[in-house]
Amino acid sequence: MSSIDPIPDTRRQRRILTVLVVSAVLIWIDSTVLGIALERLADPVDGLGATPGQLQWAIGIYSLLFATALFLAGALGDRYGHRTVLMLGLLIFGIASAWAAWATGPTALILARATMGLGGALIMPPSMAIIGWTFPPQRRAAAIAVWGSSAGVGVAVGPVLGGLLIDHFWWGSVFTINLPIVAFGLIGAALVLPNPRSPERRRLDPIGLSLSTLGLLGVSYGLIEGGHQGGWDRWQVWASIVAGVVLLAGFIVSEWREERPSFDPRLFRDRRFAAGNFTLSVVFLTLTGQSFYLAFYYQGARGMSALSAGLMSLPAAIGVIIGSQLGARLAARFGVAKVSGTAVLVLAACFGLNLLYDVNTSLVWLGLVGGIVGLSIGMTTAPTTAAIMATLPLDRMGAGSAVNNALRQVGSVLGVAVLGTVVSSTYQDRIAPSLAGLPPAAGTSAETTRHAAIALGRPDLIQHANDAFIHAMHVAAAVVGAIVLTGAIVLILAFRTPKPPHSPDPTNPHPLNARVAP
């Protein structure tokens, strides 16, 4: 075992960061590209005829497996080397992308997306850990900001390329975007990346993985199925939610008792670590939830093409890229509370503006608000992530990044489950009086109502469907605005006073000790 310092060669640092950014772009592309295909997937003729619940699962299962497998990824990286795990994740991601592209039904698509989530989970923690081992402390925050800007690149590239492909090819073509990126990532990782590993190998924790996965599945099932079936009073729905909460509580208890847990709840004793992760989870909840209902707003209510809807995501993507860089610089000068806290307050105000949207709202205004949303997210994510990681000693960065990224994905899961369900259940209640004499299935979603209206020659029903959907979107925006406001308050309170420099862990006086596999 040898002591190793961060890599001093700045040119090699840039090459390493490039490979890591490309790998992260892959994850972000897949987090957004499916949204542009939702309207087509719901089409019973040109798509898979997927129900709203199945579409929520197709999006949510990716984040769910991503969140739970992150714990496994951190332990595997410590044990076998972070480059090794990252390359395994890229390989799984590529195979699952091909599976999703040629899926023959909603169930096959959901399973392929779950596998993609597993692959993505094996990419993210190794990336953060390799940054920690590569860059010295004075350059680490800037490197994380650059890496974080990959979110904006993915958000920009995914919907635009996805829309272009859907307008000219079949819906599954959106997943073929991933294949050349996977090839580049595998080659770059093999040639450029170091393979750091922790001197202390954590166990793989199959019990924790099972409890967390089943717990999130239970909660998600109850939220999604209860809202879409209109049966919140059914015992199966509440039993699923209660069982999920109990399993998640058991997961926390089991991890707390472990000496070297995959998900270390003891890290939350630091109020900044806890508050920062809570706020980032809220931000990702809103990002995923809003993306879900905006996809149907643009292509369904407004009748835009997939490419046009994809182009509407560009202002937000550009905002994330600019905000990541600007936020890191401003936070270094003024602090996380003033910069990121203000950004989250602005984000909450933007959701308040969503209440003014209708089918004729100016696209320029929508793009402006989207750009401010992206800027706010970028100015929150990069500085807060850097501040969270700064609370950890170097040898705990693998575990800390796993917790950080897992909670982001949990936020994404809940965003789809909660906000998707709010939109669906509110729409069904609102449209019901207009469906007298029609089968109940006609009110499942705005898409099914529009299809029924076209088949019956009732243009008035299309207008009712659009009005009901806009109302449901307003309700979801109000809910998410309140959630974001809570996140802003928590972040500002936690970071409002300066914190003394992190002191080394007395039980580990040499946190830089590690082995780098060739």
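What you see below is based on every heavy atom in this structure, not just the backbone, and it leaves out hydrogens, waters and symmetry mates. Not measured: the values here are computed from a predicted model.
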> Quick check: does any side chain N or O of Thr486 sit under 3.5 Å from a backbone N or O of Ala482, one acting as donor and the other as acceptor?
Replying inline: yes
> In terms of side-chain heavy atoms, does Ser305 have a donor or acceptor partner in Ser308 at a distance below 3.5 Å?
Replying inline: yes
> When rounded to the nearest 0.5 angstrom, what is the spacing between CZ in Phe278 and CZ in Phe268?
Replying inline: 11.5 Å
>> Using modelled atom types and a 3.5 Å cut-off, is there a donor and acceptor pairing between side-chain atoms of Thr279 and backbone atoms of Gly276?
In response: no
> Do Asp167 side-chain atoms and Leu307 backbone N/O form a donor-acceptor pair below 3.5 Å?
Replying inline: yes
> Is there a side-chain contact between Gln290 and Phe351, using heavy atoms and a 4.5 Å cut-off?
Replying inline: yes
>> Let me confirm one number: the OG-CG distance from Ser127 to Leu122, rounded to the nearest 0.5 Å.
In response: 11.0 Å
> With a 4.5 Å limit on heavy-atom distance, are the side chains of Thr107 and Ile110 in contact?
Replying inline: no
> Tell me, do Phe296 and Val423 make a side-chain contact under 4.5 Å, heavy atoms counted?
Replying inline: no
> Taking C-beta and beyond as the side chain, do Ile492 and Val344 meet within less than 4.5 Å on heavy atoms?
Replying inline: no
> Just one of Val410, Leu280, Val418, Leu414 clears the side-chain contact (heavy atoms from CB on, under 4.5 Å) bar with Leu285, so which one?
Replying inline: Leu414
> Looking only at heavy atoms, which two atoms of Asn360 and Asp358 are closest? And how far apart?
Replying inline: N-OD1, 2.8 Å
>> Rounded to the nearest 0.5 Å, what separates atom OH in Tyr293 from atom CG in Leu419?
In response: 7.0 Å
>> I'd like to know whether Leu247 forms a side chain to side chain contact (heavy atoms under 4.5 Å, CB included) with Leu217, so could you lay out the CA-CA distance, the side-chain angles of the two residues, the decisive distance to 0.1 Å, and finally the verdict.
In response: CA-CA 10 Å; Leu247 288 171; Leu217 277 172; over 6 Å; no
>> Could you check whether Asn354 and Tyr297, counting side-chain N and O atoms only, form a donor-acceptor pair closer than 3.5 Å?
In response: no
> Can you check side chain to side chain contact (heavy atoms under 4.5 Å, CB included) on Ile377 and Phe284, steps first, answer last?
Replying inline: CA-CA 9 Å; Ile377 291 173; Phe284 278 76; 6.0 Å; no
>> Here's a test for you: under side-chain hydrogen bond (donor to acceptor under 3.5 Å, both in side chains), which of His464, His471, Gln463 qualifies with Asp467?
In response: Gln463
> Nearest heavy-atom pair of Ser173 and Thr176: which atoms, and what distance?
Replying inline: O-OG1, 2.6 Å
>> Donor-acceptor check, side chain of Arg430 to backbone of Ile470, threshold 3.5 angstrom: yes or no?
In response: no
>> So which atom in Val369 and which in Leu353 form the shortest heavy-atom distance, rounded to 0.1 Å?
In response: CG2-CD1, 4.0 Å
> Are the side chain of Thr115 and the backbone of Leu111 linked by a donor-acceptor contact shorter than 3.5 Å?
Replying inline: yes
>> I'd like to know if the side chain of Arg113 reaches the main chain of Ile61, judged simply by a donor and an acceptor atom lying under 3.5 Å from each other, with no hydrogens or angles considered.
In response: no
> To the nearest 0.5 Å, what is the distance between CG (Leu485) and CD1 (Ile489)?
Replying inline: 4.5 Å
> Are Asp429 and Thr426 linked by a side-chain donor-acceptor pair shorter than 3.5 Å?
Replying inline: no
>> Does any part of the side chain of Leu294, heavy atoms only, come nearer than 4.5 Å to the side chain of Met312, both counted from C-beta?
In response: no
>> Please find the pair of heavy atoms, one from Ala121 and one from Ala69, that lie closest to each other, and give the distance.
In response: CB-CB, 3.6 Å
> Where do Leu311 and Val160 land on the side chain to side chain contact (heavy atoms under 4.5 Å, CB included) test, with the steps shown first?
Replying inline: CA-CA 6 Å; Leu311 289 172; Val160 174; 4.1 Å; yes
> So, does Ser23 use its side chain to make a donor-acceptor pair with the main chain of Gly185 at under 3.5 Å?
Replying inline: no
>> For a 4.5 angstrom cut-off between non-hydrogen side-chain atoms, does Ser97 reach Val182?
In response: no
> With a 4.5 Å heavy-atom cut-off, do Leu41 and Leu109 have their side chains touching?
Replying inline: yes
>> Let me confirm one number: the CG-CZ distance from Leu214 to Phe251, rounded to the nearest 0.5 Å.
In response: 12.0 Å
> In Å and rounded to the nearest 0.5 Å, what is the CD1 to CG distance from Ile92 to Leu118?
Replying inline: 5.0 Å
> Which atom pair, heavy atoms only, marks the closest approach of Gly218 to Ser240?
Replying inline: O-OG, 2.5 Å
> Minimum heavy-atom separation for Ala100 to Met116, with atom names?
Replying inline: CB-SD, 4.1 Å
> Any chance CH2 of Trp365 has more than 12 other-residue heavy atoms, nucleotides or ligands included, within less than 6.0 Å?
Replying inline: no
>> Could you walk me through whether Val320 and Thr381 satisfy the side chain to side chain contact (heavy atoms under 4.5 Å, CB included) test, starting with their C-alpha distance in whole Å, then the side-chain angles of each, then the deciding distance to 0.1 Å, before giving a yes or no?
In response: CA-CA 9 Å; Val320 170; Thr381 303; over 6 Å; no
> Taking C-beta and beyond as the side chain, do Arg302 and Thr361 meet within less than 4.5 Å on heavy atoms?
Replying inline: yes
